[in-house]
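Structure first, then comments.
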Amino acid sequence: MKNKKPKVLLLFSGGLDSILAAKILQNAGCEIVALTFETPFFNAEKAIIAAKDLGIEIITKNISEIHFKLLRDPPHGFGKNMNPCINCHGLMFSLAKEIAREQNFQIIASGEVLGQRSFSQNRNALQLVEKISGLKDEILRPLSAKLLLETEYEKSGLIVREKLLDFSGKNRKPQLALAAEFDIREFPTPAGGCLLTDPGFSARLKILLERDSAATPADAELLKTGRFFLLGEKSFMMIGRNSSENEKLRSFKNPEIYLVKMRDFVGPTALIRIKKPDLFEKVFPEVAEKVRTYGRDSKNFADKITFKIWGMIEETREI
């Protein structure tokens, strides 16, 4: 009777490294299930597509609330911007451990490459993530396994170390060569998929967190579209830069927002996030001026403009 294939829970971004990790593990005789996470700062779209192409099952888990709390004061700090990579990875592996225990996975793995990212994938950082998640010697990184200490899976014979690789550093040539060997022709570019690595977005988010101790993931979602302006206490405004951004702003269903646009002229939509409704009256003149300024042919507008307001209230107002 043949031995049953070891069941692997693979943390999966849908990028080339995680795709290659899946292929290596399949070639090593494992059954793969992908695990991916969602927050306002990264989504599962790429991972879902890649998993479908590989023909493997994928588990998608939204961790917005717990991840957002982590952003306020990550114990191991941030990377270059607002990305708490070490604690974020620790959180993901902690959750993976829970799923693995509940669903009888024998191996937890990822597509990480030793030294590929200086902050989060150096040797010390990888060991620290294992400590944070309570998975000492229990995270298999098949792309770099031969350069790392043996995992419990290798020691027990669940997986053969010789079938794993020794990739390291930022050079992508070994991955590209292996992709060709596996006949993998389509895969995403290695550009960062996390908004927390973006300087502009990180600056907005930092302001939000500093000004509002009760900010939520829904607030962070609003920061992703349009021009950003601070208003009064704990309040901000986003103004669409084009028709698609205007449409996106109008699609938000958050009950604590106002939307403003000119009724009779072409121009942007403004989304105003205000937690104290009485503050809207104070900031509306500023909002109206911004909407007017960014409108088309604003110099030719009449002295009085009628604005449509909806969301928290529904009315028109001339100013």
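Throughout, residue positions are numbered sequentially from 1 according to the sequence presented.
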In terms of hydrophobic clusters joined by side-chain contacts under 4.5 Å, are [X] and [Y] together?
| X | Y | value |
| --- | --- | --- |
| M82 | F228 | yes |
| I239 | L259 | no |
| L230 | M238 | yes |
| I32 | I49 | no |

With rounding to the nearest 0.5 angstrom, report the [atom1] to [atom2] distance, [X] to [Y].
| X | Y | atom1 | atom2 | result |
| --- | --- | --- | --- | --- |
| T225 | E247 | OG1 | CD | 11.5 Å |
| L114 | R123 | CG | CZ | 5.0 Å |
| C30 | Q106 | SG | CD | 9.0 Å |
| S133 | N87 | OG | CG | 11.0 Å |
| L178 | L165 | CG | CG | 6.0 Å |
| H67 | C88 | NE2 | SG | 3.5 Å |

H76-F119 aromatic ring centre distance below 6.0 Å: no

Parallel, tilted or perpendicular for Y258 and F280, by the 30°/60° rule? parallel

Parallel, tilted or perpendicular, as decided by the 30° and 60° cut-offs, for the rings of F284 and F307: perpendicular

Can you check salt bridge (charged side-chain N to carboxylate O under 4.0 Å, His left out) on D17 and R172, steps first, answer last? CA-CA 10 Å; D17 291 340; R172 303 282 293 174; 3.1 Å; yes

Do you know the tightest heavy-atom contact between [X] and [Y]?
| X | Y | result |
| --- | --- | --- |
| S64 | T39 | OG-CA, 3.5 Å |
| S235 | K275 | OG-N, 4.3 Å |
| F182 | N27 | CE2-ND2, 3.0 Å |
| P285 | I319 | CA-CD1, 3.9 Å |
| L143 | G111 | CD1-O, 3.4 Å |

For the backbone of L196 and the side chain of S202, can you confirm whether one donor and one acceptor N or O come within less than 3.5 Å of each other? yes

May I ask you to decide if N81's main-chain N or O and N83's side chain share a donor-acceptor pair within less than 3.5 Å? yes

Verdict with reasoning, E112 to R141, per salt bridge (charged side-chain N to carboxylate O under 4.0 Å, His left out): CA-CA 6 Å; E112 294 166 293; R141 299 173 172 100; 2.8 Å; yes

Regarding [X] and [Y], do their side chains bring together a donor and an acceptor under 3.5 Å, going by distance alone?
| X | Y | result |
| --- | --- | --- |
| R250 | T269 | yes |
| N254 | E221 | no |
| T151 | E154 | yes |

Answer yes when [X] and [Y] have at least one side-chain N-carboxylate O distance shorter than 4.0 Å, and no when they do not.
| X | Y | value |
| --- | --- | --- |
| R204 | D198 | no |
| D219 | K234 | no |
| E256 | K276 | no |

Does K69 have more than 12 heavy atoms from other residues, nucleotides or ligands lying within 6.0 Å of its NZ? no

Show, in sequence, the C-alpha distance, side-chain angles and deciding distance for R101 and E138, and conclude whether the salt bridge (charged side-chain N to carboxylate O under 4.0 Å, His left out) test is met. CA-CA 13 Å; R101 303 296 188 259; E138 291 186 76; 3.7 Å; yes

